[in-house]
Amino acid sequence: MKYRELGRTGWKVSEISFGAWAIGGAWGDVDDKESLAALHAALDGGVNFFDTADVYGDGRSERLMAKLHKERKEKFYVATKAGRRLNPHTADGYNRQNLTSFIERSLRNLETDAIDLLQLHCPPTEAYYRPDVFGVLDDLVKAGKLRHYGVSVEKVEEALKAIEFPGVQTVQIIFNIFRQRPADLLFAEAQKRRVGILARVPLASGLLSGKITRESRFAKDDHRNFNRHGEAFDRGETFSGVDFETGLSAVEQLKKLVPARATLAQLALRWILEFPAITCAIPGAKRPAQVVENIGASDLAPLSKPTMKTIGAIYDARIKPLVHHYW
Ligand SMILES: NC(=O)c1ccc[n+]([C@@H]2O[C@H](COP(=O)([O-])OP(=O)(O)OC[C@H]3O[C@@H](n4cnc5c(N)ncnc54)[C@H](OP(=O)(O)O)[C@@H]3O)[C@@H](O)[C@H]2O)c1
């Protein structure tokens with residue numbers, strides 16, 4: 001495992017880290033025993049950074065992180081998120097009272113006195129135009145409840161606005177072979193300000209592992225079933241917003257580029273690591289074998305120039321017209 005600096009925190013985090021949404025819920029049935037085994041496998045493989053949220057399984061994912069802390073001695077960082085408990089989910093809801101109470105709840109779930117990294121959880125765009133919201137987070141850092149804070153965003157423009165606030169250490173954004181726009185402008189701006197970038201949905205919800213076919217069926221409570229067209233939350237969070245059939249046929253082209261002894265999932269993760277602005281990719285995983293495979297991407301040799309060029313061409317021809325200007 002290789003490690004990269006996270007913003008100005010002074011922390012060095014694993015370039016392949018762990019996304020803990022699926023072990024909380026919304027991805028079909030999960031078994032806590034298997035989820036914990038996946039978390040242990042991550043630590044065994046050198047992962048030292050985990051991304052969760054208060055709403056993943058209504059705290060189930062955060063509580064698994066607390067369990068992991070008790071079962072292991074090594075130091076690791078946990079990033080969580082706040083805001084999505086709001087109903088309705090409005091910018092007004094991102095106020096001192098609500099944020100404080102969400103954070104107190106996360107502290108209890110995580111069984112800790114201070115949250116390593118708190119991210120606003122894809123708030124409405126309007127929230128980024130309210131300095132008060134960031135002022136509340138500054139106060140929570142001063143009070144010792146948060147070590148650092150950042151944002152998780154849907155759109156590049158939201159990220160560009162958020163990083164104007166000097167306390168923002170990280171931006172979490174969808175970035176993968178099927179979502180390339182963040183590399184155009186955001187990465188340079190983030191590097192200028194030494195803001196860390198967490199690449200979420202790095203496997204386009206599993207599409208970029210190459211295992212999904214036209215015949216694949218997803219459980220009723222799996223968002224790949226119930227949110228394909230954005231019925232429950234942002235469309236871009238499921239298969240990265242790419243039309244399923246188009247995604248599958250682009251995956252067939254990508255399979256031809258997989259280096260010897262590697263897998264498509266590893267190629268997809270290695271592609272993300274080619275960008276120096278990236279701090280880490282946070283692939284979700286529910287099973288130890290997935291974790292081990294994903295971690296393997298850190299050991300792959302850098303991708304060749306022709307491979308990078310071909311991936312760019314596949315994106316430009318097949319995917320870009322469908323997604324580029326939406327996020
Ligand atoms: N709004 C937000 O802030 C937000 C939104 C989305 C995600 N996130 C964060 O980003 C993380 C990653 O995104 P994501 O989980 O949505 O999508 P992802 O990482 O692109 O896909 C994860 C899914 O792909 C499958 N998978 C993982 N590794 C695999 C492998 N090696 N081979 C085959 N299949 C594999 C697993 O599902 P199956 O085994 O069921 O196929 C897994 O749950 C989340 O866990 C969460 O921490 C944040």
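Because the structure is predicted, anything quoted here is derived from the model rather than measured. Keep in mind that the numbers below use all heavy atoms, side chains included, and drop hydrogens, waters and symmetry copies. Whatever order the structure lists them in is the order used to number ligands and atoms, beginning at 1. Numbers here simply count residues along the sequence, with the first being 1.
If you look at Arg84 next to ligand 1, there are no close heavy atoms at all, none under 4.0 Å. Contact annotation for Lys286 and ligand 1: only side-chain heavy atoms (C-beta onward) come within less than 4.0 Å of the ligand. Proximity of Arg287 to ligand 1, defined as any heavy-atom pair under 4.0 Å, is confined to the side chain (atoms from C-beta onward). When heavy-atom distances to ligand 1 are checked against a 4.0 Å cut-off, Ser152 comes that close only through its side chain, counted from C-beta outward.
For residues 34-47, the pairs satisfying side chain to side chain donor-acceptor pair (under 3.5 Å) are His40-Glu71, His40-Arg72, Asp44-Arg72, with sequence neighbours left out.
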Would you give me the side-chain donor-acceptor pairs under 3.5 Å for residues 296-306, sequence neighbours excluded?
unit_1 : atom_1 : unit_2 : atom_2 : d
Ser298 : OG     : Lys2   : N      : 3.1
Ser298 : OG     : Glu15  : OE2    : 2.7
Ser304 : OG     : Thr307 : N      : 3.2
Ser304 : OG     : Thr307 : OG1    : 2.9

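For the residues Lys211, Gln119, Arg200, the heavy atom positioned nearest atom 8 (N) of ligand 1 is part of Arg200. The closest non-hydrogen atom to atom 27 (C) of ligand 1, taken over Gly206, Gly284, Pro283, comes from Gly284. When Trp27, Tyr56, Phe50 are ranked by how near their heavy atoms come to atom 15 (O) of ligand 1, first place goes to Trp27. Between Val291, Asp51, Leu203, Asp29, it is Leu203 that holds the heavy atom closest to atom 20 (O) of ligand 1.
Using a 4.0 Å cut-off between charged side-chain N and carboxylate O, Asp31 and Lys286 make no salt bridge. Using a cut-off of 4.0 Å between Lys/Arg side-chain N and Asp/Glu carboxylate O, Lys255 and Glu252 are scored as salt-bridged.
The shortest N/O to N/O separation between Ala285 and ligand 1 does not fall below 3.5 Å.
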